[in-house]
Amino acid sequence: METVRLWLSALMTPVIAALGLWIAYQQYRIQQYRLKHDLSERRYAILAAARDLIVAAVSSRRTPEDAFFRFRASIVGASFVFGTDVVAYLDGLRERYSRMLEIEDIKADNAFEGDDQRGSLLEELRNRRQAMRAELEKIDDIFRPYFDLSAV
């Protein structure tokens, strides 16, 4: 009887170690899934901000400034969750929208230097709005590789 008790107590140490190892591995897997989930949430928030900016640019005759500030605040961490392709795309959106705001300010102040500048700036504004409409078609293709869930 004493021998059985000694054997059982000797086997308990490796069993407890194996159980601890199994629990640690499960926690590791949970943390991997949590990281993927958090990353996807952050990426989606940036995608939504980009879509909102594009919609703001094309949905009205005026270019709302608050949409630009919301966009800028939402994309602060983009370089940490996306590659350089998406970061460059977001910078391009920011620059185009910023230029639209500049033209809107000139238009609101009626600060045109002449009829030629007025015509060219208003034409540029129309072209930028039209280009932003085209962005609605392209945005999914740009962001899609970062939302591929086939490996999950």
Side-chain angles (χ1 to χ4, degrees), residues 1-108 121-152:
M1 189 66 168
E2 184 66 27
T3 307
V4 172
R5 188 178 66 77
L6 284 173
W7 274 97
L8 286 177
S9 67
L11 286 176
M12 287 307 291
T13 302
V15 168
I16 291 171
L19 183 61
L21 184 62
W22 182 79
I23 290 171
Y25 177 70
Q26 294 304 318
Q27 288 178 337
Y28 169 75
R29 289 187 54 198
I30 289 169
Q31 289 305 317
Q32 282 183 318
Y33 287 121
R34 179 176 280 156
L35 177 64
K36 287 180 184 179
H37 178 264
D38 291 347
L39 183 62
S40 293
E41 279 187 346
R42 289 185 179 132
R43 285 177 172 171
Y44 184 76
I46 292 170
L47 168 63
R51 278 190 179 152
D52 291 346
L53 184 77
I54 294 169
V55 168
V58 300
S59 65
S60 69
R61 300 295 274 160
R62 285 193 86 287
T63 308
E65 197 168 0
D66 60 329
F68 183 68
F69 295 127
R70 282 193 309 272
F71 173 75
R72 293 283 299 182
S74 297
I75 67 165
V76 167
S79 62
F80 298 109
V81 295
F82 286 111
T84 56
D85 56 337
V86 173
V87 173
Y89 175 76
L90 294 171
D91 284 341
L93 279 180
R94 179 188 50 78
E95 289 172 9
R96 286 188 292 259
Y97 200 86
S98 179
R99 179 63 179 155
M100 290 173 71
L101 288 173
E102 288 175 22
I103 296 170
E104 287 284 346
D105 286 345
I106 293 170
K107 182 179 163 186
L121 286 178
L122 293 179
E123 179 68 23
E124 181 184 347
L125 185 60
R126 274 192 296 278
N127 291 340
R128 287 182 181 272
R129 277 197 209 288
Q130 189 173 13
M132 286 295 228
R133 283 187 194 95
E135 294 298 328
L136 284 173
E137 303 296 323
K138 293 189 325 188
I139 194 168
D140 288 338
D141 294 334
I142 291 169
F143 281 85
R144 184 174 290 120
Y146 293 92
F147 289 99
D148 181 19
L149 300 177
S150 62
V152 175

Please identify each residue that fulfils ring-ring contact (aromatic ring centres under 6.0 Å, His included) with Tyr89, with sequence neighbours left out.
-> none
When rounded to the nearest 0.5 Å, the distance separating CD of Glu102 from CG of Leu121 is 10.0 Å
Where do Phe147 and Leu47 land on the side chain to side chain contact (heavy atoms under 4.5 Å, CB included) test, with the steps shown first?
-> CA-CA 10 Å; Phe147 289 99; Leu47 168 63; 4.1 Å; yes
From Ile46 atom CD1 to Arg51 atom CZ, the distance as rounded to the nearest 0.5 Å | 13.5 Å
Measure the CD1-CZ distance between Ile139 and Arg144 for me, rounded to the nearest 0.5 Å.
-> 11.5 Å
Could you go through the side chain to side chain contact (heavy atoms under 4.5 Å, CB included) check for Leu35 and Gln32 one step at a time?
-> CA-CA 5 Å; Leu35 177 64; Gln32 282 183 318; 5.8 Å; no
Heavy atoms from other residues, nucleotides or ligands near CD of Gln130 exceed 12 (cutoff 6.0 Å) | no
To the nearest 0.5 Å, what is the distance between CG (Leu125) and CD1 (Ile106)?
-> 10.5 Å
Does atom CZ of Arg42 have more than 12 heavy-atom neighbours from other groups under 6.0 Å away?
-> no
Roughly how far, to the nearest 0.5 Å, is the CD atom of Glu135 from the NZ atom of Lys138?
-> 4.0 Å
Hey, does the side chain of Tyr97 reach the backbone of Met132 with a donor-acceptor pair shorter than 3.5 angstrom?
-> no
Validation: residues 64-81 side-chain donor-acceptor distances under 3.5 Å, sequence neighbours left out:
residue	atom	partner	partner atom	Å
Asp66	OD2	Arg70	NH1	3.0
Ser74	OG	Arg70	O	2.9

When rounded to the nearest 0.5 Å, the distance separating CD1 of Ile54 from CZ of Arg96 is 8.0 Å
Neighbour count above 12 (heavy atom, 6.0 Å) for Glu137 CD = no
Take Phe82 and Phe143, measure what ring-ring contact (aromatic ring centres under 6.0 Å, His included) needs, and give me the verdict at the end.
-> CA-CA 9 Å; Phe82 286 111; Phe143 281 85; 5.3 Å; yes
Salt-bridge criterion met for Arg129 and Glu104 (N-O under 4.0 Å) = yes
The side-chain contact (heavy atoms from CB on, under 4.5 Å) partners of Glu95 (sequence neighbours excluded) come to none
